[in-house]
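First comes the structure, then the notes that go with it.
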Amino acid sequence: MTPNKACPLILCRSARPSILLFQHPLAGVQLVKGKIENGETFAQAALRELKEESGIVSAKVVSDLGCWDAGHQGQIWSFQLCETPETLPPLWTHDTLDDHGHTFSFFWAPLDNLPFADCHPVFQRALLHLKRILPESASTPSALD
């Protein structure tokens, strides 16, 4: 299975483990995700997409969480667990240049209370998959500190 989409993941280091999501103004709640360009590694694509869609520039990939068949338009996603040395705010917006420009509203969604009803079905399935594959350490606050 060769991935064609990169999906960087950032987990919140708090008492209630959370994952970074955003509200797309036209397409519901989503994970950061985008095309893997020719010549890019999965990690490079994930960091580029993270920068383009969220404005986060200081992240690094800490773990490759494998690939997933999205069952949607032939998409195979590569999940890359990322960290950033900066403290990210609870909420922020970022203006993108792709897809004719949009403002994405970022927030932290608790892993035990994900907003499935606000997501397109492909993102619902992706979040369910992530809940199954995230390392056990990701669901304990001490590992996220």
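- With Asn4 contributing its side chain and Gly74 its backbone, the two residues share a donor-acceptor pair below 3.5 Å.
- Nearest heavy atom pair, residue Glu49 against residue Lys33, reads OE1-O, 3.7 Å.
- Listed for the Thr96 side chain is a donor-acceptor partner under 3.5 Å among the backbone atoms of His102.
- Connection of Trp77 to Val62 is established within a shared hydrophobic cluster, with ILVMFWY side chains joined at heavy-atom distances below 4.5 Å, either directly or through further cluster members.
- Looking only at distances, a side-chain donor or acceptor of Trp108 sits under 3.5 Å from a matching main-chain atom of Pro89.
- Between the CG atom in Leu91 and the OG atom in Ser105 there is a gap of 8.5 Å [rounded to 0.5 Å].
- When all heavy atoms are compared, the tightest approach of Pro3 to Ser78 is CB-CB, 3.8 Å.
- Within a 6.0 Å radius of NZ in Lys35, no more than 12 heavy atoms belonging to other residues, nucleotides or ligands are found.
- For Arg16 against Asn113, the heavy-atom pair with the smallest separation is NH2-CB, 3.6 Å.
- Every pair tested for ring pair (Phe, Tyr, Trp, His ring centres under 6.0 Å) that includes a residue from residues 35-59 fails, sequence neighbours excluded, so the list is empty.
- For the atom pair Ser63 OG and Gln80 CD, the distance stands at 8.0 Å (nearest 0.5 Å).
- Ile56 meets the side chain to side chain contact (heavy atoms under 4.5 Å, CB included) test with Ile10, Leu20, Leu50, Ser54, Ala59, Thr84, Leu88, Trp92; sequence neighbours excluded.
- Residues Leu111 and Trp68 share a single hydrophobic cluster, defined by chaining ILVMFWY side chains whose heavy atoms lie under 4.5 Å apart.
- For the atom pair CG (Leu81) and CG (Leu11), the distance works out to 5.5 Å, reported to the nearest 0.5 Å.
- From Lys5, atom NZ reaches atom NE2 of His72 across 9.0 Å, with rounding to the nearest 0.5 Å.
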For residues 114-129, dump all side-chain donor-acceptor pairs below 3.5 Å to protein atoms at least two apart in sequence or in another chain.
{"from": "His120", "atom 1": "ND1", "to": "Val122", "atom 2": "N", "distance (Å)": "3.0"}
{"from": "Gln124", "atom 1": "NE2", "to": "Phe116", "atom 2": "O", "distance (Å)": "2.8"}
{"from": "Gln124", "atom 1": "NE2", "to": "Cys119", "atom 2": "O", "distance (Å)": "3.0"}
{"from": "Arg125", "atom 1": "NH2", "to": "Ala70", "atom 2": "O", "distance (Å)": "2.8"}

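- For Glu40, the side chain to side chain contact (heavy atoms under 4.5 Å, CB included) test picks out Ile36, Glu37, Gln44, Ala45, Arg48, with sequence neighbours left out.
- Phe104 pairs by the ring pair (Phe, Tyr, Trp, His ring centres under 6.0 Å) definition with Phe22, His24, not counting sequence neighbours.
- The side chain to side chain contact (heavy atoms under 4.5 Å, CB included) test applied to Asn38 returns no partner, not counting sequence neighbours.
- The structure places OG1 of Thr93 at 13.5 Å from CZ of Phe107, a figure rounded to the nearest 0.5 Å.
- Distance check, rounded to the nearest 0.5 Å: CD1 of Ile76 to SG of Cys7 gives 13.5 Å.
- Residues Ile19 and Val61 fall into different hydrophobic clusters, defined by Ile, Leu, Val, Met, Phe, Trp and Tyr side chains chained together at heavy-atom separations under 4.5 Å.
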